[in-house]
Amino acid sequence: MYYVVAVNTLYFSILALSFRNIWTIFRRSHYSKYNTLSGSELVPSVSLLVPAYNEELTIIENVNCLMTLNYPTYEVIVVNDGSSDTTLKVLLEEYRLKPVPNTKIRGKISCQKIRGIYHNPEFPDLYVIDKENGGKADSLNAGINLSHYPLISSIDADSLLEKDALIRMARMYMENPEETVAIGGDVRIANGCKIENGAVQDVSLPRKIWPMFQSIEYLKAFLGGRIGWSHMNGLIIVSGAFGMFRKDAVIAVGGYRDGYPGEDMNIIIKLHRYMLENKLKYRVAFCPEAVCWTQAPDSYRILSSQRKRWGRGNLKNMIENRGMLFNPKYKVMGMLTMPYNILFEALNPYFRITGLLALTGYVLMDMTQWPILVLFGSLNIVSGYLLSVGALVLEEIAFKRYNKLSDLVKMLFYSALKFVGYHQLGVLWRLQGHIQFMQNNNSWGTMTRQSWSEEEKTSEAA
C-alpha cells in the first residue's frame with residue numbers, strides 16, 4: 001500500500017509540473033517565430049546520425065525525409081552497421097553514391113572497422129558509412145567521428161521527422177547554448193497515419209491493438225512525464241529515436257557506451273555525471289513541439305522482445321550508476337531521478353508481484369476481506385487511468401494532432417483497456433528482461449520492418 005501511494009504521489013507531482021509548463025509550451029509552439037530561423041546563418045549546423053541495421057524497407061523514405069527538413073545547414077550521415085540485407089545496396093543505387101578514397105575519420109571515439117565511406121557531389125550533404133556490425137551505440141560513435149558540425153542529432157532509421165522538428169529543437173538550444181548539452185524530441189506512433197513523400201500527411205491512430213496501446217504509453221511518458229522531469233533538470237533519457245546533443249559534450253564523456261541495450265539512457269546519465277562532477281552549469285531539455293514519427297512493433301513477439309531489451313538496459317544502467325543513489329553531489333539526479341528509477345521502474349515488477357501475492361494471502365487467511373482487495377485494485381487502476389487522461393488533456397491543450405472525435409474516444413477507451421492484460425504483460429516483460437540480464441544476454445532482438453507504403457496499405461485495409 002505504501003509503495004502504491006508513494007509511486008502515485010510522485011507520478012501526479014510530475015504530471016502537475018507538466019501542466020504547470022504546458023501553457024508556456026503552447027505559446028512557444030503556436031506563436032514562436034521559429035520559421036524565421038530556417039534561413040538564418042545564426043542557427044548552428046547539425047549532423048544527423050542515422051544508424052541502420054537491416055533497414056532496406058524504410059531507409060530511403062527516412063533519408064528523403066531528412067534531406068528536405070526546414071533547416072539552413074545540416075548533413076545526413078547514414079551508418080550501415082554491417083546489415084545482412086540490401087540496406088547498403090539500396091542507398092548506393094538510390095543516390096548513386098561512390099566510394100570516397102582516402103577519407104580520414106576525424107574523431108577518436110572507438111568503433112568497429114570502417115569498410116567504406118560513400119558520397120555523391122549531387123547530394124553534398126549526404127554521407128553513408130559502411131562498417132562492421134557493432135550495434136547502435138557503435139554506429140553513433142562512427143557517425144560522430146565523421147561528423148563536421150558542432151551539434152549532432154540521433155535519428156532512428158524507421159522514423160520520420162516533421163519538417164520543422166529540427167528547427168524547433170535548435171530554437172530551444174539557442175535560448176541557452178552554453179548550458180544545453182542535450183534536447184529530447186517527442187516521439188509519436190506512425191502506425192495508422194497516412195505517409196506520403198517521407199512525411200505524415202494525415203494523423204490517425206493505429207488500427208492494430210499493440211501499436212494502439214503503445215500510442216497511449218508514449219503520450220503518457222513524453223507529455224505526462226518528460227515535460228515535468230525536464231523542468232527539474234532531472235530527465236534521465238533522451239529517446240534514441242530523436243535527440244540533439246552538443247558534440248563536444250558527448251566526446252568529453254567518451255561517446256556512446258557499446259555492448260548492451262540502453263545506450264540512449266546511458267549517454268544522458270554520463271552527461272549528468274560529467275557536468276555535476278566538474279561543477280558545470282548545464283541542462284538536459286525536452287522539446288515536445290519537435291515531433292518524430294516512428295513505426296511501433298505490431299506483434300506480440302516483437303513488442304515483448306523490445307520491452308525485455310528495455311528492461312535489461314534500465315537495470316544495467318541503474319546497477320552501474322548506483323553510486324549516484326541518494327548522493328547530494330548529484331543533486332536532482334542523485335536525490336530524486338535515480339531513486340525513482342530504481343524503486344519505481346527497475347524494482348517495480350517485484351513490488352507489484354509480491355504485493356499482489358501478499359494481499360491474496362491475507363484474504364485466503366481471513367486477515368482481510370475480498371472487498372478490500374477489490375477496492376485496492378480499483379484505486380490503483382483509477383489512478384493509472386487518470387494519469388493517462390491527464391496526458392491526453394495536455395495533448396489537447398498544446399498540440400491537438402488528433403482532430404477526430406473518434407480518435408479521442410478510442411484513446412480514452414484504450415487508456416482503460418490497457419489495465420486488463422497489457423499492463424500486467426509489461427510487468428512480466430520487465431521481469432523477463434531482468435532474467436536475461438542475469439544470463440548476460442545483451443542481444444538486440446529482431447525488429448521486423450515494413451515499408452511506409454505497406455504500412456499505409458495495411459492501415460487502409462483495416
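Below, all heavy atoms of this structure are taken into account, side chains as well, without hydrogens, waters or symmetry copies.
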Practice task
Using the six-membered ring of Y11, assess whether NZ or CZ of K220 lies under 6.0 Å from its centre and within 45 degrees of the ring axis.
Solution key: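 Geometry flag: set, cation within 6.0 Å and 45°.
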Exercise for the section: Kindly indicate whether a cation-pi arrangement holds for R188 with F399, taking the cut-offs as under 6.0 Å to the six-membered ring centre and within 45° of the axis. Expected result: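 So R188 does make the cation-pi contact.
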Just checking [X] against [Y], ring centres under 6.0 Å apart?
X: W429; Y: Y300; result: yes
X: Y127; Y: H148; result: yes
X: F242; Y: W293; result: no
X: F286; Y: H231; result: no

With no hydrogens and no angle check, just 3.5 Å: does a side-chain donor-acceptor pair link [X] and [Y]?
X: E75; Y: S47; answer: yes
X: E56; Y: T86; answer: yes
X: S84; Y: N54; answer: yes
X: N80; Y: S83; answer: yes
X: E179; Y: N176; answer: yes
X: N64; Y: Y95; answer: yes

Practice task
Enter the distance from N341:CG to I236:CD1 here, rounded to the nearest 0.5 Å.
Solution key: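 Output value for this atom pair is 4.0 Å.
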Exercise for the section: Would you give the length of the straight line joining atom CE of M232 to atom CD1 of I14, rounded to the nearest 0.5 angstrom? Expected result: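 Taking CE in M232 and CD1 in I14, the distance rounds to 3.5 Å.
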Strictly below 4.0 Å, N to O, side chains only: are [X] and [Y] in salt-bridge contact?
X: D156; Y: K136; answer: yes
X: R96; Y: E122; answer: yes
X: E277; Y: R273; answer: yes
X: E162; Y: R168; answer: no

Taking [X] for the side chain and [Y] for the main chain, is one N or O donor matched with an acceptor at less than 3.5 Å?
X: H119; Y: L126; result: yes
X: R312; Y: N440; result: no
X: N327; Y: G334; result: no

Practice task
Show your reasoning for whether side chain to side chain contact (heavy atoms under 4.5 Å, CB included) applies to V46 and I152.
Solution key: CA-CA 5 Å; V46 181; I152 57 173; 5.9 Å; no
Problem - Candidate pair Y340 and W229, rule ring-ring contact (aromatic ring centres under 6.0 Å, His included), full reasoning - result: CA-CA 11 Å; Y340 163 82; W229 281 112; 5.1 Å; yes
Exercise for the section: For E289 and R28, run salt bridge (Lys or Arg N to Asp or Glu O under 4.0 Å): C-alpha distance rounded to whole Å, both residues' side-chain angles, the deciding distance at 0.1 Å, then the answer. Expected result: CA-CA 8 Å; E289 314 98 279; R28 188 175 66 206; 2.6 Å; yes
Exercise for the section: Apply side chain to side chain contact (heavy atoms under 4.5 Å, CB included) to N62 and E55, showing your working. Expected result: CA-CA 10 Å; N62 172 272; E55 303 285 357; over 6 Å; no
Exercise for the section: Assign the ring pair Y422 / W210 to parallel, tilted or perpendicular, where the plane angle (0 to 90°) is split at 30° and 60°. Expected result: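 Y422 vs W210 ring planes: tilted.
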Problem - Aromatic ring pairing Y74/Y71, orientation class (parallel under 30°, perpendicular over 60°, tilted between) - result: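 Ring orientation of Y74 relative to Y71: perpendicular.
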Problem - Stepwise salt bridge (Lys or Arg N to Asp or Glu O under 4.0 Å) test for E196 and K194 - result: CA-CA 7 Å; E196 289 182 356; K194 183 179 180 181; 3.3 Å; yes
Given side chains that start at C-beta, do those of [X] and [Y] come closer than 4.5 Å, heavy atoms only?
X: M318; Y: K316; answer: no
X: V78; Y: Y118; answer: no
X: L276; Y: K331; answer: yes

Exercise for the section: Check the pair K131 / D138 against salt bridge (Lys or Arg N to Asp or Glu O under 4.0 Å), numbers first and verdict last. Expected result: CA-CA 10 Å; K131 59 180 285 293; D138 190 77; 2.6 Å; yes
Exercise for the section: Return the minimal non-hydrogen interatomic distance between V187 and Y218, and the atom names on each side. Expected result: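 Taking V187 first and Y218 second, the nearest heavy atoms are O-CD2, 3.4 Å.
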Practice task
Considering non-hydrogen atoms only, spot the tightest contact between S153 and L166 and give its length.
Solution key: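 Here S153 and L166 meet closest at OG-CD1, 4.1 Å.
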Practice task
Decide side chain to side chain contact (heavy atoms under 4.5 Å, CB included) for E175 and R171; before the verdict, give the C-alpha distance in whole Å, the side-chain angles of both, and the deciding distance to 0.1 Å.
Solution key: CA-CA 7 Å; E175 292 174 356; R171 180 193 176 279; 2.7 Å; yes
Problem - Over 12 non-hydrogen atoms of neighbours within 6.0 angstrom of CZ in R115 - result: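 Check passes, neighbour count above 12.
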Exercise for the section: Flag yes if more than 12 heavy atoms outside E41 fall under 6.0 Å of its CD atom; otherwise flag no. Expected result: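 No - once you tally the heavy atoms of other residues, nucleotides and ligands closer than 6.0 Å, there are 12 at most.
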Problem - side chain to side chain donor-acceptor pair (under 3.5 Å) evaluation trace for N317 with N266 - result: CA-CA 6 Å; N317 278 308; N266 183 261; 3.0 Å; yes
Exercise for the section: Under the salt bridge (Lys or Arg N to Asp or Glu O under 4.0 Å) rule, what do E217 and R307 come out as? Steps first, then yes or no, please. Expected result: CA-CA 12 Å; E217 276 186 320; R307 297 311 166 91; 2.9 Å; yes
Exercise for the section: Using the side chain to side chain contact (heavy atoms under 4.5 Å, CB included) rule, take L49 and V79 through it: C-alpha gap first, then chi angles, then the decisive distance, then the call. Expected result: CA-CA 7 Å; L49 312 181; V79 185; 5.7 Å; no
